[in-house]
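Have a look at the structure below, then the notes.
Lettering follows sequence order; numbering is per chain, from 1. Everything numeric in this text was worked out from a predicted model, so none of it was measured.
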2 protein chains.
Amino acid sequence: MNLKNQVEWALHCCAVMMALPEGVYLPAKVLAEFHGVPKEYLSKALQALSQHGIVIGTLGPSGGYRLARAPDQISFLDIVEAVEGKRSTFRCEEIRGNNPCVPRRHRAGKPCTVARIMWKADEAWRESLRGVSLTDLAAQLAEDVPDDVLAKSRAWLLERA
Amino acid sequence: MNLKNQVEWALHCCAVMMALPEGVYLPAKVLAEFHGVPKEYLSKALQALSQHGIVIGTLGPSGGYRLARAPDQISFLDIVEAVEGKRSTFRCEEIRGNNPCVPRRHRAGKPCTVARIMWKADEAWRESLRGVSLTDLAAQLAEDVPDDVLAKSRAWLLERA
DNA sequence: CCTATTACAGATATATTTTATCCGTAATCA
DNA sequence: TGATTACGGATAAAATATATCTGTAATAGG
């Protein structure tokens, strides 16, 4: 079980887009080159972010993408769910219904006990992601990444925005 | 991103094996029929549980599987990891290394900031699963499942053990 | 000892999902 | 008008999940 690599790409793209001045858009082509990933496929992830209102895409020359709201209003969960979907990682196939001892009428009732436990763990995962905003990420990046790399990257991106 | 259906099967099988008296083994064939799932493929999951020391498999007639330790010593995480593996759901492909502004030498240092956050969420998921034992599951099942279904199921299984 | 039954390991096959790539369209800016 | 961009849909290739099949070794019971 793996998350799509698009999730990683989307997160890094959002991190990068935080550096954009007001009204400036970054083309998918530039984001793809910066991260060394295929442009066409990355575009699908960016479109998913756009459809979920996390980024804004504009057409034409000087078009591209930028964040749709302030970084502190965008959580990791927003981004992950936009790309990966909101469904739980655990699919309950209701195999308890195959128990030869349970009558067919017994359809209703609570969801499966096993599923409830798995879904709760899934919610813990989401809760953890919900608690981290892009602002939090920026703060961590400021600690982790050397200042010159940060500055050079900003310049590189703005040249191409 | 989905967990394997074998995870669901393995959890339900472990739930069922709690009902076994000392020294009694339940064949994969019976577990498969009880849950309405293909025997051959279920066997792979049971073998994974066996390899990880969660169940014990014995050969020959009257052979089969039983839990390797007390139910309160087996967590959901044990079972899930046995079938699904211990690797994080988030694969970091180190795309930060593709940044054209970062020199090649810069290999070392901390793991990627984005990855650390994703791995932390993964750990929250595991922590949640670690906190639920088979005993906890049994308690919940006692509440959720009607007594007669529980009794009939036990009888059905023991007939075939 | 013989036979039926079982777990187990490995090879193979099928289905589904992920990972792309390609193309046409519409919008936008110079 | 022409270059550039996002967007949507179709298609293709690769990886993974979902099985199935085979043979082997161990074991209980006759």
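One atom, CH2 of A/Trp9, and another, P of C/dT18, lie 14 Å apart when rounded to the nearest Å. A/Leu59 has its CG atom 5 Å from the C1' atom of D/dA6, to the nearest Å. Nucleotide C/dA7 holds its P atom 17 Å from the CD1 atom of B/Ile54, rounded to whole Å. Atom NZ of B/Lys4 and atom C1' of C/dA15 are 15 Å apart (whole Å). Here the C1' atom of nucleotide D/dT18 and the CD atom of B/Glu84 are 13 Å apart, to the nearest Å. Atom NE2 in A/His52 sits about 17 Å away from atom C1' in D/dA6, given to the nearest Å. In this structure, B/Leu3 atom CG and C/dT17 atom C1' are separated by 15 Å, rounded to whole Å. B/Tyr65 places its OH atom 5 Å from the P atom of C/dA7, with the value rounded to the nearest Å.
Checked for salt-bridge contact, B/Asp144 and A/Arg116 meet the test: a charged N lies under 4.0 Å from a carboxylate O. Between A/Glu123 and A/Lys120 there is no salt bridge, since none of the side-chain N atoms of the basic residue sits less than 4.0 Å from a carboxylate O of the acidic one. Ion pairing between A/Arg126 and A/Glu81 holds under the 4.0 Å rule for side-chain N and carboxylate O.
Judged purely by atom type and a 3.5 angstrom limit, B/Glu8 uses its side chain to pair as donor or acceptor with the backbone of A/Glu93.
Between A/Asn5 and B/Gly63, the residue anchored closer to the 5' end of DNA chain C is B/Gly63, taking for each the nucleotide with the nearest heavy atom. Remark on DNA chain D: of its neighbouring residues A/Arg91 and A/Ser50, the 5'-side contact belongs to A/Ser50, judged by nearest-heavy-atom nucleotide. The residue among B/Met1 and B/Gly57 whose nearest nucleotide of DNA chain C is located toward the 5' end is B/Gly57.
Residues B/Ser153 and A/Asn99 have side chains that bring a donor and an acceptor to within less than 3.5 angstrom of each other.
For the segment residues 10-19 of chain A, the set of residues with a heavy atom within less than 4.0 Å of an atom of DNA chain D is empty. For DNA chain D, the residues of residues 21-48 of chain A within the heavy-atom distance limit of 4.0 Å (strictly under) are A/Pro27, A/Ala28, A/Lys44, A/Gln47, sorted by number.
A close approach under 4.0 Å does not occur between any side-chain nitrogen or oxygen of B/Gln51 and OP1 or OP2 of C/dC8.
Figure legend: A/Arg160 and A/Trp156 shown as a cation-pi pair, the cationic atom lying under 6.0 angstrom from the six-membered ring centre and within 45 degrees of its axis.
B/Met18 CE to B/Ile74 CD1: the interatomic distance, rounded to the nearest 0.5 Å, is 8.5 Å.
Residue contacts shown for B/Asn2 are absent, as no nucleic acid heavy atom lies under 4.0 Å away.
With A/Val55 as the partner, the side chain to side chain contact (heavy atoms under 4.5 Å, CB included) test is satisfied by one option alone out of A/Arg66, A/Met17, A/Gln47, A/Arg69: A/Met17.
Of all non-hydrogen atoms in A/Trp119 and A/Ser88, the two that sit nearest each other are CD1-OG, 3.1 Å.
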